[in-house]
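Taking it in order: structure first as structure tokens, then the write-up.
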Amino acid sequence: MNVRRSAAVLAATAVIGAATPAVAASPSPTPSVAIPSGLYGSTDPTYDGVWRQSLALLAQDTAGVKPAGKAVDWLTGQQCANGSFAAFRADPAKACDAKLMVDSNSTAAAVQALAALGGHEAAVDKAVGWLKSVQNADGGWGYAPGGASDTNSTSVVVGALAAAGEKPAEVVKGGKSPYDALVGLALPCAAGGAFAYQPDREGRLTANADATAAGVVGALGEGLAAEAAAQSTAATCAAPGTPRQAAANGAAHLAKSLAEDGYLTSVLPGAENQPDYGNTADAVVALAAQGGAEQARGPLAWLQRNAAAWAKQSGPAAYAQLVFAAHATGTDPRAFGGTDLVAALNATGPTPQPTGTATGGLQRDDSDEKDDTEDSDDGFGVWWTVGVFLVAGIGIGFLISGRRKRQP
């Protein structure tokens with residue numbers, strides 16, 4: 001669920017059936033549309049607008065900040081009549097049609113944000129209804145409707161269902177619940193106990209760190225802003241017959257992967273391995289949710305020392321991920337390794353509403369905000385085509401903002 005998804009590849013993977021998890025993208029350097037004034041972040045929102053807005057609003061709510069009304073209105077204005085959300089609609093006044101690529105991840109993230117803020121029951125109910133309508137027969141969800149179920153998408157939808165007051169175990173299709181889908185994507189202990197993103201074309205499961213962090217949280221029935229387990233318990237691996245055991249197995253795999261350096265790495269073909277800040281933040285949430293805050297102290301401390309520059313470069317969704325990591329471990333997000341994450345997040349968009357709770361620093365005046373003009377996005381077809389050929393040509397359908405596929 002991170003801030004690292006390549007947008008064009010995201011679109012392409014939905015077409016060719018490759019993996020595309022829940023989140024948003026490395027935006028193109030030159031925005032192809034005007035940046036709406038209610039939107040957080042200054043980069044092209046074409047492929048991650050709803051995702052990053054949802055994470056920003058949810059993180060603000062988690063930190064006791066009341067978001068700006070125009071920021072919330074922007075998000076609700078992105079919803080289609082059938083309840084779904086696309087990654088971004090440049091012209092919300094234009095009705096959604098069959099050409100618009102709606103997806104489970106944007107929809108589920110928006111549900112989590114709007115449910116947390118309260119007062120948006122109608123929008124939440126419509127979105128949940130749409131999510132139920134596109135559930136797969138194995139109980140899970142793919143990124144795009146009809147796509148093969150994957151761990152990341154299924155997990156973010158589980159979080160949405162829980163946030164909306166649903167019982168995920170009772171949301172069933174073909175006799176299968178989302179938990180059945182997640183258990184089916186969990187590797188046995190002999191293979192490390194991790195979650196796979198989804199089976200490959202031969203049906204084999206391969207451990208994936210990003211999917212594992214998401215799968216642990218989803219199997220526990222938690223969302224993006226998960227809280228720490230009440231008791232500190234080191235995870236051990238056993239047969240993953242239940243969602244909770246699958247979560248424990250995944251947490252054990254993450255703990256082992258993090259033990260040496262304190263962070264997860266980004267593994268890309270032909271490139272030197274680099275620290276993966278987003279996945280590490282997600283792993284902190286997963287470890288805390290499964291076994292208590294103490295289990296996540298090592299990677300949390302690494303993030304506190306090293307993640308500020310990454311978040312500043314990556315934008316609001318990255319700040320939100322760090323806020324979620326702080327929240328899950330009971331850490332003050334306003335003093336996160338010397339960085340006030342809340343103030344930094346607030347400064348990427350419209351000034352939050354005044355409340356009795358300090359919002360952690362200076363925020364930008366509405367007079368300094370981005371241009372309110374929204375151009376229509378004629379470039380989607382071009383990016384779609386580019387993405388398809390990019391993936392087909394270089395064979396890396398797992399480059400993704402929210403979520404590039406990672407090997408542990």
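Starting from 1, each residue takes its place in the sequence as its number.
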Might you point out which heavy atoms bring Trp130 and Gly83 nearest each other, and give the distance in Å? CB-C, 4.2 Å
Ser155 side chain to Ala214 main-chain N or O, any donor-acceptor pair under 3.5 Å? yes
Run the side chain to side chain donor-acceptor pair (under 3.5 Å) check on Asn208 and Tyr197 step by step: do they pass? CA-CA 6 Å; Asn208 180 278; Tyr197 173 70; over 6 Å; no
When rounded to the nearest 0.5 angstrom, what distance separates CZ in Arg305 from CZ in Phe336? 11.0 Å
Quick check: closest heavy atoms across Gly221 and Tyr179, and the distance to 0.1 Å? CA-OH, 3.3 Å
Any donor and acceptor pair, going by atom type alone, linking the side chain of Arg334 with main-chain N or O of Thr339 inside 3.5 Å? no
Over all heavy atoms of both residues, which pair between Ala225 and Thr62 is shortest? Give the atoms and the distance, please. CB-OG1, 3.7 Å
Ile35 vs Ser42 side-chain heavy atoms within contact, under 4.5 Å: no
Ring centre gap for Tyr319 and Trp310 strictly below 6.0 Å: no
Measure from the side-chain N and O atoms of Asn136 to the backbone N and O of Gly139, and report whether any donor-acceptor pair falls under 3.5 Å. no
Check whether Lys173 reaches the backbone of Gln135 with its side chain - one donor and one acceptor, N or O, closer than 3.5 Å. yes
Closest non-hydrogen atoms of Arg297 and Thr329, given as atom of the first, atom of the second and distance, are NH2-O, 3.4 Å
Calculate, to the nearest 0.5 Å, the distance between atoms CG and NZ belonging to Leu161 and Lys167 respectively. 13.5 Å
Apply side-chain contact (heavy atoms from CB on, under 4.5 Å) to Val102 and Cys80, showing your working. CA-CA 9 Å; Val102 297; Cys80 295; 4.0 Å; yes
Scanning both residues in full, the closest heavy-atom pair of Phe195 with Ala211 reads CB-O, 3.9 Å
Please walk me through it: do Gln295 and Gln290 pass side-chain contact (heavy atoms from CB on, under 4.5 Å)? CA-CA 9 Å; Gln295 305 305 316; Gln290 192 281 324; 5.8 Å; no
Any luck finding a side-chain donor-acceptor pair between Ser153 and Asp150 under 3.5 Å? yes
What one should report as the nearest heavy-atom pair of Leu258 and Pro299 is CD1-CG, 3.9 Å
Can a donor-acceptor pair be found, under 3.5 Å and without considering hydrogens, that links the side chain of Gln79 to the backbone of Phe85? no
Assess whether atom NZ of Lys126 is packed by more than 12 heavy atoms of other residues, nucleotides or ligands within 6.0 Å. yes
